Amino acid sequence: MGRSPCCEKAHTNKGAWTREEDERLVAHVRAHGEGCWRSLPSAAGLLRCGKSCRLRWINYLRPDLKRGNFSRDEDELIVKLHSLLGNKWSLIAARLPGRTDNEIKNYWNTHIRRKLLGRGIDPVTHRPLTDAATEERPPARACAKPVKMEQLQQGGICFRCSILRVRGAATECSCGSNFLGLRAGMLDF
DNA sequence: AACACGTCCAACCGCCTTACG
DNA sequence: CCGTAAGGCGGTTGGACGTGT
């Protein structure tokens with residue numbers, strides 16, 4: 001038994017969106033704004049699940065999307081942010097106007113990752129591959145005691161569990177270890 | 001021309017977090 | 001405080017497209 005599906009799958013379309021579906025979704029969001037994705041499909045006359053509508057809007061139809069190739073600056077910023085935040089694509093995307101988390105995630109996996117590996121840099125640790133192979137370091141894993149989201153809004157990275165943005169005034173992550181402060185000048189949370 | 005293989009990216013899935021009654 | 005619904009996120013997939021043979 002899993003959790004109940006987010007929508008009635010028998011009556012929803014899947015796969016690539018058609019031009020007509022896009023137009024319906026854009027028209028509805030323009031008229032009513034974002035939000036209430038659950039009820040949007042029926043209100044907009046779409047045979048899609050709400051999640052699918054949200055994803056389509058955020059990743060493709062939003063008017064403020066930049067699209068096109070990533071600039072060198074964006075490229076470097078993504079690498080810097082990833083070294084600090086890890087695979088927190090939504091947080092990285094928040095620092096790149098006009099880019100989506102999905103777009104950055106894809107770009108990372110298809111371009112940057114390969115480029116770093118080509119330079120002999122581990123794309124996970126951002127250290128030289130030889131160091132990463134020989135050095136004793138804790139395995140990357142989820143923190144046993146997850147930090148609440150409001151704590152993550154504040155700043156800092158736990159070196160043990162790699163949880164980011166632990167409250168700046170505190171000296172310990174919820175997993176029990178000390179954390180590194182943000183590197184000056186890298187980010188201005 | 002036809003096929004195999006690799007790359008890219010839109011979309012889906014399932015879990016986690018948050019809001020609310 | 002607890003349970004539930006909805007939103008949000010990251011990992012993964014599948015198909016379209018490009019390139020090499």
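Chain letters run A, B, ... following the sequence lines, proteins first, then strands; residues in each count from 1. None of the values given here were measured: they were computed from a predicted structure.
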[atom1] of [X] versus [atom2] of [N]: gap in Å, rounded?
X	N	atom1	atom2	answer
A:Asn106	C:dC9	CG	P	16 Å
A:Arg54	B:dC12	CZ	P	13 Å
A:Arg62	B:dA10	CZ	P	13 Å
A:Asn102	C:dG14	CG	P	16 Å
A:Leu91	C:dG10	CG	P	7 Å
A:Ile58	B:dC9	CD1	C1'	17 Å
A:Ile112	B:dT7	CD1	P	17 Å
A:Trp37	C:dG7	CH2	C1'	10 Å

With a 3.5 Å cut-off and just heavy-atom distances, do the side chain of [X] and the base of [N] make a donor-acceptor pair?
X	N	value
A:Asn59	B:dA11	no
A:Lys105	C:dG11	yes
A:Lys14	C:dG14	no
A:Lys88	C:dG10	no

* Apply the test side-chain hydrogen bond (donor to acceptor under 3.5 Å, both in side chains) to residues A:Asp75 and A:Tyr107: give CA-CA distance (whole Å), side-chain angles for both, the deciding distance (0.1 Å), then the verdict. => CA-CA 9 Å; A:Asp75 210 283; A:Tyr107 186 63; 2.5 Å; yes
Any side-chain to backbone donor/acceptor pair from [X] onto [Y]? Under 3.5 Å, distance only.
X	Y	answer
A:Asn109	A:Lys105	yes
A:Arg114	A:Thr110	yes
A:Arg56	A:Lys51	no

Does a side-chain N or O of [X] approach OP1 or OP2 of [N] to a distance below 4.0 Å, or not?
X	N	value
A:Arg48	B:dC12	yes
A:Ser90	C:dC9	yes
A:Arg67	B:dA10	yes
A:Trp108	C:dG10	no
A:Arg38	C:dA6	yes
A:Arg56	B:dC12	no
A:Trp89	C:dG8	no
A:Arg114	B:dG6	no

* To do: Could you verify whether a donor N or O on one side chain and an acceptor N or O on the other, from A:Glu21 and A:Asn13, lie under 3.5 Å apart?
  =>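 There is such a pair (donor and acceptor under 3.5 Å, judged by atom type) between the side chains of A:Glu21 and A:Asn13.
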* If we ignore angles and hydrogens, is there a donor and acceptor under 3.5 Å between the side chains of A:Asn106 and A:His111? ->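 No, A:His111 and A:Asn106 have no side-chain donor paired with an acceptor closer than 3.5 Å.
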* Asked: Touch check for A:Asn87, heavy atoms < 4.0 angstrom, all strands: base, sugar-phosphate only, or nothing?
  ->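 Sugar-phosphate contact only.
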* To do: With the side chain of A:His111 defined as its heavy atoms from C-beta on, choose the nearest nucleotide among C:dG8, B:dC8, B:dA11.
  =>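 Nearest listed nucleotide: B:dC8.
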